[in-house]
Amino acid sequence: MIAEVIVDVAAHPIDRPFDYAIPNKLEPLTEPGMRVKVPFGNRKVLGFITNIKQTTELDSAKIKPIHELMDVVPVLTPELLELAKWMKEKTVCFEIDALQVMIPAALRAKYEKRFVLKASLEEIAPQLRPFFAKRPFVRASEAEEFFSQLKKEMDKGTIMADTDISQQTAVKKVRMIHIADSLEQLEAIEIRANAKQQLKLMEYMKANVGRAIESAQLQKEAGTTLPTIYSLVDKGAASISNMEAYRDPQLLAQIEKKESLSLTPAQQQAFDAIRRSLDTSRTFLLHGITGSGKTEIYLQSIDQVLKAGKEAIMLVPEISLTPQMTVRFKERFGDMVAVLHSGLSAGEKYDEWRKIQRGEVKVVVGARSAIFAPFQNLGLIILDEEHESSYKQDDSPRYHARDVAIWRSEFHQCPVILGSATPSLESYARAQKGVYELLVLEKRAQNQPLPNVEIIDMREELKKGNRSMFSVPLADAIRERLEKKEQVVLFLNKRGYSSFVLCRDCGTVMQCPNCDISLTYHRSTEMMKCHYCGYDEKVPTTCPECESQHIRFFGTGTQKVEEELAKVVPEARVLRMDVDTTRNKGAHEKILAAFGEGKADILLGTQMIAKGLDFPNITLVGVLSADTTLHLPDFRAAEKTYQLLTQVSGRAGRDKLPGTVYIQSYTPEHYAITLAKDQLFEPFYDQEMAMRRASGYPPYFYVVNIQFTHEDLMTVSEYAEQTVRYLNSQLSPSTIIIGPSASLIARVNNRYRYQCLIKYKKEPKLSEVLQQLIKIYRTEWLRKGATLSIDMNPTSVM
DNA sequence: AGCACGCCGACT
DNA sequence: GTCGGCGTGCTC
């Protein structure tokens with residue numbers, strides 16, 4: 001029998017199945033979806049079996065056998081193998097990348113080059129001997145300086161090179177002590193009278209006949225130690241086995257089970273529509289304003305699915321995967337839920353994944369990659385906040401979780417729910433066309449009024465002589481809340497404000513030597529750092545250009561705001577939440593918890609506070625500058641601004657107290673701002689659609705972004721131009737090709753970056769043409785040091 | 001991608 | 001004379 005294997009080598013000519021013979025004794029064990037170790041050229045690599053067949057057209061002399069099976073149970077289902085092929089086609093990625101992204105990182109192979117001793121220690125050069133004293137091999141990374149000597153030995157045949165393939169995490173085991181089943185058996189054991197410890201343990205065992213207990217637990221309960229246990233085990237009082245243990249990802253402190261809430265008529269209507277379609281592959285767009293109770297609909301829909309014996313996937317943006325959210329699911333579904341989020345270690349993620357694989361859980365809640373949960377009887381997929389750009393992976397495979405969700409829903413004939421207060425234009429357009437079924441929740445579940453939103457024209461403030469970043473009305477409102485002991489959230493769009501160092505004499509801003517971007521000041525380490533290539537250097541004391549001492553640090557936007565805020569309301573207790581204060585694990589949650597407990601009056605932060613903040617005492621939200629995202633050179637700028645403003649506004653007045661929102665802007669008449677004021681989604685949609693139609697962007701056109709990089713500016717622009725010429729000659733006349741042009745950040749890591757954009761409505765040959773392009777690229781340009789990446793349906797084109 | 005084979009310059 | 005530079009070709 002022959003196995004088709006996709007090997008773990010991400011390169012174009014390798015991106016296809018290779019045939020391997022399945023050794024006779026492995027035949028009954030081998031299944032598609034298993035990982036295998038195979039010889040490839042003169043090395044060994046890991047691969048995935050994608051198919052098993054009887055015969056091959058290949059010369060039997062060429063066929064090599066599989067070296068080793070890595071799994072007992074396939075890590076990928078036939079469905080996921082099929083999905084990988086689709087992803088390869090749709091996102092123009094390597095099939096191996098698509099396969100890898102579906103399994104937990106802990107299972108991905110680690111390769112380590114090493115040198116193995118093949119002769120006796122005396123036969124090799126003396127200076128190499130210490131390396132092999134303990135073990136018959138040495139890791140290449142440990143013996144770099146001895147490379148040439150090792151090579152000589154290799155020529156003699158005394159040492160051989162090979163690669164060690166291992167996976168990152170082993171299964172965690174715990175020692176289980178199984179006490180003998182009969183009292184007689186225990187009583188028959190003789191213990192010396194002076195072995196007090198053993199006698200004590202024996203008493204415990206006699207009282208716990210037949211019990212299986214974790215070793216650590218036994219030591220605690222019986223007040224004993226491991227050696228004592230072992231002596232009794234030797235005497236036959238108990239047996240020891242190693243059992244697989246799950247790491248406990250978070251303290252599941254007694255979470256009380258909660259029942260469903262009752263639904264409002266609007267919720268009920270939406271829920272009924274979903275319930276009627278549970279065995280169709282329909283996609284619903286659940287458009288509900290913030291606080292309208294979408295989550296309850298999700299929970300009850302999942303409940304229906306579980307009752308039908310099926311499974312559900314619930315995707316949330318990473319940032320809103322808060323403990324509160326997790327608790328809500330655990331309350332409803334108990335230990336039927338696996339949670340996958342970035343706070344887990346690789347081992348913990350793997351444990352959660354295995355629970356899914358073995359069918360021990362029925363619901364998975366997680367960020368983007370949870371869409372690949374290896375369920376076999378999927379009954380429902382939900383994407384909450386479906387407009388979030390984090391659902392699109394920004395490196396290969398550049399897939400969108402929404403597209404994968406719809407593919408899987410068709411496979412399983414189960415529905416998809418896309419939920420959002422501010423749907424993406426793409427999704428809303430599809431709902432308008434009837435491709436998706438639109439469900440609307442117009443009112444907040446507890447009928448709280450929407451917050452009162454005021455737009456403040458900062459140009460007027462400037463005219464009045466107010467040059468601070470706080471307008472008079474906002475400053476007044478902050479003071480008022482402080483007096484009333486209510487809480488305030490201030491929101492700053494990060495972009496355009498990142499910290500840098502400026503010389504006040506010559507105006508120099510410190511730049512990265514490798515990239516066309518200014519260096520970012522990191523207060524904690526007193527370093528200047530490039531966020532693109534990782535370059536860093538010490539903060540200078542004088543200007544590197546003119547040696548002036550008048551250099552000024554502009555702290556992160558939020559730091560600066562904090563300073564100014566202290567001038568406006570010196571008595572306020574301020575919590576700052578940004579990349580600097582949330583770098584440590586769990587810091588995010590700690591800050592939120594502190595704010596929730598009323599330990600601060602004002603929470604000041606960036607994007608990350610826009611979501612998941614649900615505290616009753618917040619009555620004022622201030623957006624310091626609505627313009628920063630609005631004027632980015634990206635076709636989604638208005639959409640993102642509208643979404644952000646709506647989301648931030650939703651943080652105010654979540655409970656009984658009414659909320660007020662102040663939005664400061666220098667372009668207050670822009671429709672993204674005026675329409676976000678009253679959450680008028682439909683008018684915003686209409687207007688933005690008109691813009692998209694006029695400029696030829698999604699959802700009217702599909703977009704492909706192709707990026708080129710090379711060390712040499714002329715070369716990269718030449719390749720980009722060649723590509724555009726090629727595309728123009730191959731694609732239909734109605735397709736628009738923009739560029740080539742230098743990317744917004746024209747140089748990263750000493751490589752120049754160019755890009756071009758394909759905008760098309762219908763382009764049946766596109767896939768084929770792009771494949772052809774890749775072929776040219778790999779044979780001619782790659783060798784000359786170029787890279788090319790293709791992003792289908794990019795979330796942004798900057 | 002990685003690795004071997006192969007053909008030309010600077011060292012013991 | 002050999003060590004080693006990287007061009008080119010292949011991987012079931």
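Residue numbers start from 1 in every chain, and the chains themselves are labelled A, B, ... in the order their sequence lines are given, proteins ahead of strands. Just the heavy atoms: all of them, side chains too, but no hydrogens, waters or symmetry mates, feed the values below.
Between A/Gln100 atom CD and B/dA1 atom C1' there is a gap of 14 Å when expressed in whole angstrom units. Whole-Å rounding puts the A/Asp8 CG to C/dT11 P distance at 19 Å. Between the CD1 atom of A/Ile774 and the P atom of B/dA1 there is a distance of 13 Å, rounded to whole Å. Rounded to whole angstrom, the span from the CD1 atom of A/Ile14 across to the P atom of C/dC12 amounts to 9 Å.
Within the structure, ring pair (Phe, Tyr, Trp, His ring centres under 6.0 Å) pairs that include any residue of residues 96-118 of chain A comprise A/Phe115-A/Phe147 (at least two apart or interchain).
Contact annotation for A/Leu58: base contact, defined as any heavy-atom pair under 4.0 Å involving a base atom.
A salt bridge links A/Asp19 and A/Lys53; the closest N-O separation between the charged side-chain nitrogens and carboxylate oxygens is under 4.0 Å. Salt bridge present: A/Lys37 and A/Glu68 bring a charged side-chain N and a carboxylate O closer than 4.0 Å. A salt bridge between A/Glu711 and A/Arg751 is absent, with no side-chain N of the basic residue lying under 4.0 Å from a carboxylate O of the acidic one.
For DNA chain C, the residues of residues 15-26 of chain A within the heavy-atom distance limit of 4.0 Å (strictly under) are A/Arg16, A/Phe18, A/Asp19, A/Tyr20, sorted by number. Of all the residues in residues 38-47 of chain A, A/Pro39, A/Phe40, A/Gly41 reach under 4.0 Å from DNA chain C with at least one non-hydrogen atom.
The side chain to side chain contact (heavy atoms under 4.5 Å, CB included) test with A/Ile790 singles out one residue from A/Ile758, A/Ile774, A/Asn705, A/Thr91, and that residue is A/Ile774. The residue from A/Glu386, A/Glu388, A/His387 that alone fulfils the side chain to side chain donor-acceptor pair (under 3.5 Å) condition with A/Arg402 is A/Glu386.
You'll find that the side chain of A/Lys62 is closest to C/dT11, out of B/dA1, B/dC3, C/dT11.
Using a 3.5 Å distance cut-off with no hydrogens or angles, the side chains of A/Gln772 and A/Glu768 do not pair a donor with an acceptor.
Side-chain nitrogen and oxygen atoms of A/Lys113 include at least one within less than 4.0 Å of the OP1 or OP2 phosphate oxygen of B/dC3.
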Step-by-step side-chain contact (heavy atoms from CB on, under 4.5 Å) determination, A/Asp712 to A/Tyr752: CA-CA 7 Å; A/Asp712 179 58; A/Tyr752 290 89; 5.9 Å; no

